[in-house]
Amino acid sequence: MAAHNNDRTGVMGTYDANDTYFTADGVTGYGYGASAIFTFSYDNDLLQVQQDPQGSAVASINNKTGGTFTVTVNQMSPFNAKLAQLADERRKGGFPVDASDGSRHYTGAHCYIQKKADGGAANEAGERTWTIKALNVTDTPIIT
């Protein structure tokens with residue numbers, strides 16, 4: 001196998017956690033969990049394929065753009081209060097999200113807290129995981 005990181009291609013890139021962020025309703029979070037800041041996944045496949053036993057097939061294009069953000073913050077982070085406020089508010093039309101994982105920029109026009117973070121106490125500060133459903137998500141590559 002050839003080495004792809006050589007004198008002609010250079011370094012592929014450098015990840016810096018300081019280039020990542022998660023903003024909900026105009027407030028940028030901080031005090032994230034040690035394991036992750038956020039993850040994002042689309043809720044639907046881009047297409048479905050149906051195929052009969054003889055091999056005839058139909059591809060159905062899915063235009064749904066919803067997804068799920070899972071945000072992990074330290075239990076002592078003030079960002080918990082903002083997310084709790086948004087969850088309790090249950091604003092019609094939701095709230096906007098703007099986020100970056102260092103390689104992609106995500107925006108969600110209409111977002112809702114699906115599940116508040118669970119609580120608990122232990123020997124040291126724990127993490128709180130918030131589940132946010134996002135409608136009309138766009139994502140743009142930052143790395144070209």
Side-chain angles (χ1 to χ4, degrees), residues 1-52 57-144:
M1 181 173 181
H4 296 286
N5 210 20
N6 59 38
D7 59 349
R8 286 182 285 152
T9 60
V11 175
M12 184 172 60
T14 302
Y15 174 80
D16 185 344
N18 284 330
D19 295 334
T20 67
Y21 61 87
F22 187 88
T23 302
D25 199 33
V27 175
T28 301
Y30 66 95
Y32 296 106
S35 62
I37 294 172
F38 75 90
T39 60
F40 174 77
S41 63
Y42 279 103
D43 292 340
N44 299 288
D45 293 333
L46 295 175
L47 66 102
Q48 300 292 326
V49 175
Q50 292 177 328
Q51 192 169 17
D52 71 14
V58 173
S60 299
I61 296 174
N62 183 346
N63 294 297
K64 297 176 182 177
T65 57
T68 303
F69 288 98
T70 304
V71 182
T72 306
V73 293
N74 186 282
Q75 75 181 59
M76 302 307 292
S77 171
F79 198 47
N80 283 301
K82 178 60 180 177
L83 295 174
Q85 176 220 341
L86 290 169
D88 293 339
E89 194 175 276
R90 297 184 185 181
R91 184 185 313 166
K92 290 187 183 191
F95 57 89
V97 162
D98 180 23
S100 174
D101 64 8
S103 66
R104 299 187 81 74
H105 177 228
Y106 303 92
T107 57
H110 308 282
C111 302
Y112 304 86
I113 306 286
Q114 180 181 26
K115 182 180 182 303
K116 284 185 169 185
D118 294 333
N123 191 41
E124 58 186 40
E127 296 180 345
R128 301 293 182 252
T129 303
W130 295 84
T131 304
I132 301 171
K133 286 294 189 178
L135 309 178
N136 304 325
V137 176
T138 61
D139 67 284
T140 308
I142 295 171
I143 300 173
T144 55

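All of these numbers come straight from a predicted model, not from anything done at the bench.
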Practice problem: Determine whether Thr129 and Thr70 make a side-chain contact, defined as any pair of heavy atoms from C-beta on separated by less than 4.5 Å. | Solution: yes

Exercise. Mind checking side-chain contact (heavy atoms from CB on, under 4.5 Å) for Tyr30 and listing every partner two or more places apart, or none if nothing turns up?
Key: Pro78

Exercise. To the nearest 0.5 Å, tell me how far Asn62 CG sits from Gln48 CD.
Key: 7.0 Å

Quiz item: Should Trp130 and Lys115 count as side-chain neighbours, where that means a heavy-atom distance under 4.5 Å?
Solution: no

Practice problem: Answer yes or no: are there more than 12 heavy-atom neighbours, outside Gln50 itself, under 6.0 Å from its atom CD? | Solution: no

Exercise. Might you point out which heavy atoms bring Ala17 and Ile37 nearest each other, and give the distance in Å?
Key: O-CD1, 4.4 Å

Quiz item: Are any of the side-chain heavy atoms of Ser60 and Val58 separated by less than 4.5 Å?
Solution: yes

Self-check item: Closest approach of Gly102 to Thr20 (non-hydrogen atoms, all atoms of both residues)
Solution: N-CG2, 3.8 Å

Self-check item: 4.5 Å side-chain heavy-atom contact, Val71 and Ile132
Solution: yes

Quiz item: Can you name the side-chain contact (heavy atoms from CB on, under 4.5 Å) partners of Lys82, sequence neighbours left out?
Solution: Asp25, Val27, Phe79, Gln85, Leu86

Quiz item: Any side-chain heavy atom of Val73 within less than 4.5 Å of one from Phe22?
Solution: no

Quiz item: Are Tyr21 and His105 side-chain neighbours, meaning at least one heavy-atom pair lies under 4.5 Å?
Solution: yes

Quiz item: Are there more than 12 heavy atoms of other residues, nucleotides or ligands under 6.0 Å from atom CG of Leu46?
Solution: no

Quiz item: For the residue pair Thr65 and Tyr42, what are the closest heavy atoms and their distance?
Solution: O-CE2, 4.0 Å

Quiz item: What distance do Lys92 atom NZ and Tyr112 atom OH have between them, rounded to the nearest 0.5 Å?
Solution: 10.0 Å

Self-check item: Whether Asp98 side chain and Thr23 backbone form a donor-acceptor pair below 3.5 Å
Solution: no

Quiz item: Closest heavy-atom contact between Gly31 and Ser77?
Solution: O-CB, 3.3 Å

Practice problem: Search all heavy atoms of His110 against all heavy atoms of Gly93 and return the closest pair with its distance. | Solution: ND1-O, 2.9 Å

Self-check item: From CZ (Arg104) to OG1 (Thr138), nearest 0.5 Å
Solution: 10.0 Å

Practice problem: Evaluate the criterion side-chain hydrogen bond (donor to acceptor under 3.5 Å, both in side chains) for residue pair Asp43 and Thr68; output intermediate values, then yes/no. | Solution: CA-CA 7 Å; Asp43 292 340; Thr68 303; 2.8 Å; yes

Practice problem: Begin from the C-alpha positions of Ile113 and Leu83 and carry the test side chain to side chain contact (heavy atoms under 4.5 Å, CB included) through to its verdict. | Solution: CA-CA 8 Å; Ile113 306 286; Leu83 295 174; 4.2 Å; yes

Quiz prompt | Side chain proximity check, Val137 to Val97, heavy atoms < 4.5 angstrom | solution = no

Practice problem: Please name the pair of heavy atoms, one in Glu127 and one in Thr72, separated by the smallest distance, quoted to 0.1 Å. | Solution: OE1-CG2, 3.4 Å

Quiz item: Any donor-acceptor pair under 3.5 Å linking the side chain of Arg128 with the backbone of Gly120?
Solution: yes

Self-check item: Residues forming a ring pair (Phe, Tyr, Trp, His ring centres under 6.0 Å) with Tyr106, sequence neighbours excluded
Solution: Phe40

Quiz item: Looking at CG of Asn136 and OG1 of Thr107, how far apart are the two atoms once the value is rounded to the nearest 0.5 Å?
Solution: 9.5 Å

